[in-house]
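This report refers to the structure that appears directly beneath it.
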Amino acid sequence: YESHTAVAGRIAPANKRAPTQAAPPRAAAGQVPYSQLPAQELHAIAQPVPHVEYASEFRPGLEVEQFAWMPLIDNLCHQQQIGFDRVLLELEAELAADRRIIALTSVKRGEGRTTMLQCLARRAAEMGLKVCIVDLDDAKPALAEQLGLAIDSGWEQSVFAGKPLADCCVEANRDALTAVLLKQPLQPGALAQQSIAASAMLLELREQFDLVLIDTAPLSADPAATE
């Protein structure tokens, strides 16, 4: 790779972004991919970047000091930081090409989808990116509970009732993270009926954040699914 600049340092702020350009070329033959870099060299690449001030028109309706992370998340972020850095650095080309909405899914529940999302979001925020996490698991939303939040309503009020999206967001000041949560499961098919409004919600988040991580429902509703 051409330099050891932090991944976030190459991405313009969400509200001051230059026109979309083609993704930069990946490593040429013979160059070592991020997944194989020694830990010391990876640390040199993934240094935090200076805080950037963003436009103030999008202000979350609820602010908390910090999310109540589960001990599992704290431990993984500490013990597996190198691994999360590698994942985020591999996403560098996607973010540089303005593909800032990343959905995480799994074959079945219990495979660590929501855990991975929280760890990646925390590390991305530490690297200086403006990050939003979205609970789009309309069958079994769990992100609010896992973050220690008791919410009266979530993004469903924006999609189904026209409430301003910012009013449905929760910002954790110390974590430098914003969460867009879902209070309770939706009726089957309800989200599909409002797909245009849901798409508009994601597009609005895309314009406000450097990285939008979405926690989706698993691919299979069958708990015994293996493929």
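Numbering starts at 1 and runs along the sequence shown.
- How far CG of Leu203 is from CE of Met201: 10.0 Å, rounded to the nearest 0.5 Å.
- Annotation: side chain of Leu143 is not in contact with side chain of Asp137 (no heavy-atom distance under 4.5 Å).
- Atom CD of residue Glu90 and atom CD of residue Glu92 lie 9.0 Å apart, to the nearest 0.5 angstrom.
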Are Asp85 and Met127 close enough, and set up right, to give a side-chain contact (heavy atoms from CB on, under 4.5 Å), and what steps lead you there? CA-CA 9 Å; Asp85 284 351; Met127 293 171 72; 4.0 Å; yes
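- Pairing each heavy atom of Val131 with each of Ala125, the nearest pair is CG2-N, 3.8 Å.
- A distance of 11.5 Å separates NZ of Lys183 from CG of Leu149, quoted to the nearest 0.5 Å.
- Proximity of Ile214 to Leu202: side-chain heavy atoms (C-beta onward) are separated by under 4.5 Å at one or more points.
- When side chains are defined from C-beta on, Leu104 counts as touching Leu213, because their heavy atoms get closer than 4.5 Å.
- Contact check for Asp135 versus Val180: no side-chain heavy atoms found under the 4.5 Å cut-off.
- Under the side-chain hydrogen bond (donor to acceptor under 3.5 Å, both in side chains) criterion, the residue pairs touching residues 138-156 are Gln118-Gln146, with sequence neighbours excluded.
- Applying the side-chain hydrogen bond (donor to acceptor under 3.5 Å, both in side chains) criterion to Thr105, with sequence neighbours excluded, gives Thr216.
- At least one side-chain heavy atom of Glu204 sits less than 4.5 Å from a side-chain heavy atom of Phe58.
- By the 4.5 Å heavy-atom criterion applied to side chains, Leu211 and Cys132 are not counted as neighbours.
- With rounding to the nearest 0.5 angstrom, the OG1 atom of Thr178 is 9.0 Å from the CG atom of Leu205.
- For residues 184-195, no residue pair satisfies the side-chain hydrogen bond (donor to acceptor under 3.5 Å, both in side chains) rule, not counting sequence neighbours.
- Here the shortest heavy-atom pairing between Ala139 and Pro185 reads O-CB, 3.4 Å.
- A search for side-chain contact (heavy atoms from CB on, under 4.5 Å) contacts involving Ala144 returns Ile151, Leu181, not counting sequence neighbours.
- Asp215 meets the salt bridge (charged side-chain N to carboxylate O under 4.0 Å, His left out) test with Arg113; sequence neighbours excluded.
- Closest approach of Gly154 to Cys168, counting heavy atoms only: O-SG, 3.6 Å.
- A donor-acceptor pair is defined here as one N or O able to donate and one able to accept, closer than 3.5 Å; no such pair exists between the side chain of Arg123 and the backbone of Cys77.
- Between atom CZ of residue Arg100 and atom CG of residue Leu129 there is a gap of 11.0 Å, rounded to the nearest 0.5 Å.
- In terms of the side-chain contact (heavy atoms from CB on, under 4.5 Å) criterion, residue partners of Asp167 (sequence neighbours excluded) are, by chain and number, Lys163, Pro164.
- A distance of 7.5 Å separates CZ of Arg59 from CD of Glu171, quoted to the nearest 0.5 Å.
- Contact of the Leu95 side chain with the Asp210 side chain is not registered, since no non-hydrogen atoms from C-beta on lie closer than 4.5 Å.
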Quiz: residues 62-76 side-chain donor-acceptor pairs under 3.5 angstrom, not counting sequence neighbours:
from	atom 1	to	atom 2	distance (Å)
Gln66	OE1	Arg174	NH1	3.4
Gln66	NE2	Asp175	OD1	3.4
Trp69	NE1	Asp175	OD1	3.1
Trp69	NE1	Asp175	OD2	3.3
Asp74	OD1	Arg122	NH1	2.6
Asp74	OD1	Arg122	NH2	3.4
Asn75	ND2	Pro71	O	3.3

